**Student:** 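Sending over a structure as structure tokens; questions will come in a sec.
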Amino acid sequence: TFDRELSVGPGVNYDRSRTASLKIASNQPYDAGVMSPPIDVRVGRTIKVRVSYLIYNHGQEAQSLDYASMAIIPKLGERGQYVFGYQRGQWAVLEQEVVATDDQFVVMLQGHSPAALNSNIYFDNVEMYINDRQVSNCRR
């Protein structure tokens, strides 16, 4: 499932601030994600992206092999450059920097779970910068 989740996190420690996060979840194995629209950039500019993630499993913690990933695709139609996150039970950050090789790039946020367990991966607070200037709107 893909949800706009208001109750984020593990059990009684969930985020009670009523802010929304993206949740990718399943009780079956999955590789799933979302992609930004193409974002305009000049070739040679530095693209930096940060996102907070939280991995939480309800039960079976010792067997959990799920993880979060983020990719920046600096040239449409080519493979992305990935970073991975494995920390669980608390918010952590994925961050990377690449150089634009085309006039548009996209960002992918993904959750992965190779096992049949109650896997919940949350994403929040995406920040994008082009040459240290924050991208305030990624819609066209």
Side-chain angles (χ1 to χ4, degrees):
T1 64
F2 294 86
D3 296 302
R4 180 177 176 259
E5 186 70 28
L6 294 176
S7 297
V8 176
V12 297
N13 298 319
Y14 74 91
D15 178 359
R16 297 177 190 270
S17 66
R18 305 302 288 172
T19 58
S21 294
L22 166 68
K23 179 175 86 169
I24 300 173
S26 182
N27 61 4
Q28 295 299 311
Y30 67 90
D31 285 313
V34 295
M35 182 182 297
S36 73
I39 300 166
D40 294 334
V41 65
R42 289 188 182 149
V43 173
R45 297 284 171 112
T46 301
I47 302 162
K48 181 178 179 180
V49 179
R50 296 175 47 109
V51 64
S52 299
Y53 74 92
L54 170 68
I55 301 171
Y56 186 71
N57 309 114
H58 297 279
Q60 305 166 329
E61 193 71 34
Q63 300 171 9
S64 301
L65 301 172
D66 46 350
Y67 61 96
S69 70
M70 176 181 66
I72 299 175
I73 302 173
K75 183 173 183 175
L76 300 184
E78 294 190 358
R79 290 184 62 103
Q81 298 181 32
Y82 286 84
V83 292
F84 303 95
Y86 302 95
Q87 187 170 339
R88 58 184 71 265
Q90 62 185 12
W91 285 99
V93 174
L94 293 171
E95 180 175 39
Q96 73 168 312
E97 197 172 286
V98 301
V99 174
T101 55
D102 198 6
D103 60 357
Q104 292 183 320
F105 71 96
V106 295
V107 177
M108 293 179 60
L109 303 177
Q110 297 176 293
H112 310 269
S113 179
L117 54 87
N118 189 350
S119 169
N120 297 266
I121 300 177
Y122 303 86
F123 293 97
D124 206 345
N125 302 321
V126 178
E127 298 175 20
M128 289 185 257
Y129 300 88
I130 299 173
N131 275 13
D132 294 323
R133 185 171 182 194
Q134 190 165 21
V135 176
S136 60
N137 187 350
C138 65
R139 295 182 184 167
R140 290 177 138 316

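Numbering starts at 1 and runs along the sequence shown. Here the structure is a predicted model, which is why all the values come from computation and not from measurement.
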**Student:** Can you tell if the side chain of Asp31 reaches within under 4.5 Å of the side chain of His112, non-hydrogen atoms only?
**Tutor:**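 They are in side-chain contact.
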**Student:** Could you tell me the separation between the CD1 atom of Ile121 and the CG atom of Leu22, rounded to the nearest 0.5 Å?
**Tutor:**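 With rounding to 0.5 Å, CD1 (Ile121) is 10.5 Å from CG (Leu22).
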**Student:** Ignoring hydrogens, what is the shortest heavy-atom contact between Tyr122 and Lys23? Give both atom names and the distance.
**Tutor:**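 Where Tyr122 meets Lys23 most closely, the heavy atoms are CE2-CD, 3.4 Å.
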**Student:** Considering non-hydrogen atoms only, spot the tightest contact between Gly85 and Ile55 and give its length.
**Tutor:**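 It is O-CD1, 3.6 Å.
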**Student:** Between Trp91 and Asp124, is a side-chain contact (heavy atoms from CB on, under 4.5 Å) present by the stated rule, with each step listed?
**Tutor:** CA-CA 9 Å; Trp91 285 99; Asp124 206 345; 3.9 Å; yes
**Student:** So does Asn125 get a backbone contact from the side chain of Ser52, meaning a donor-acceptor N/O pair under 3.5 Å?
**Tutor:**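 No: the side chain of Ser52 does not pair with the backbone of Asn125.
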**Student:** Is any side-chain heavy atom of Leu109 less than 4.5 Å from a side-chain heavy atom of Val51?
**Tutor:**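 Yes, their side chains come closer than 4.5 Å.
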**Student:** Which heavy atom of Tyr53 sits nearest a heavy atom of Tyr86, and at what distance?
**Tutor:**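 Closest approach of Tyr53 to Tyr86: OH-N, 3.3 Å.
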**Student:** Going by heavy atoms in the side chains, are Leu117 and Asp66 under 4.5 Å from each other?
**Tutor:**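 Yes - at least one pair of side-chain heavy atoms lies under 4.5 Å apart.
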**Student:** With the side chain counted from C-beta on, respond yes when Gln110 and Tyr82 share a heavy-atom pair under 4.5 Å apart, and no when they do not.
**Tutor:**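 Of all side-chain heavy-atom pairs linking Tyr82 with Gln110, at least one is under 4.5 Å.
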**Student:** Are Ile24 and Phe2 close enough that some pair of their side-chain heavy atoms sits under 4.5 Å apart?
**Tutor:**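 They are in contact (side-chain heavy atoms under 4.5 Å apart), so the answer is yes.
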**Student:** Please report the shortest heavy-atom distance between Tyr30 and Ser119, naming the atom on each side.
**Tutor:**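 So the two residues come closest at OH-OG, 2.7 Å.
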**Student:** Do you know the tightest heavy-atom contact between Leu94 and Ser69?
**Tutor:**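 Taking every non-hydrogen atom into account, CD1-C, 3.8 Å.
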**Student:** My understanding is that only residues two or more places apart in sequence, or in another chain, count here; which of them pass salt bridge (Lys or Arg N to Asp or Glu O under 4.0 Å) with Glu97?
**Tutor:**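 Checked Glu97 against salt bridge (Lys or Arg N to Asp or Glu O under 4.0 Å); zero matches.
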**Student:** Heavy-atom distance under 4.5 Å between the side chains of Val83 and Glu95, does that happen here?
**Tutor:**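 No; the side chains remain at least 4.5 Å from each other.
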**Student:** Please find the pair of heavy atoms, one from Val43 and one from Thr101, that lie closest to each other, and give the distance.
**Tutor:**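 Heavy-atom minimum between the residues: CG2-C, 4.1 Å.
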**Student:** So, the side chain of Gln81 versus the backbone of Val98: is there a donor-acceptor pair under 3.5 Å, distance only?
**Tutor:**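 Here the side-chain-to-backbone pair does not exist.
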**Student:** Taking side chain as C-beta onward, heavy atoms only, is Met128 less than 4.5 Å from Phe105?
**Tutor:**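 A side-chain contact exists here, since the closest heavy-atom pair is under 4.5 Å.
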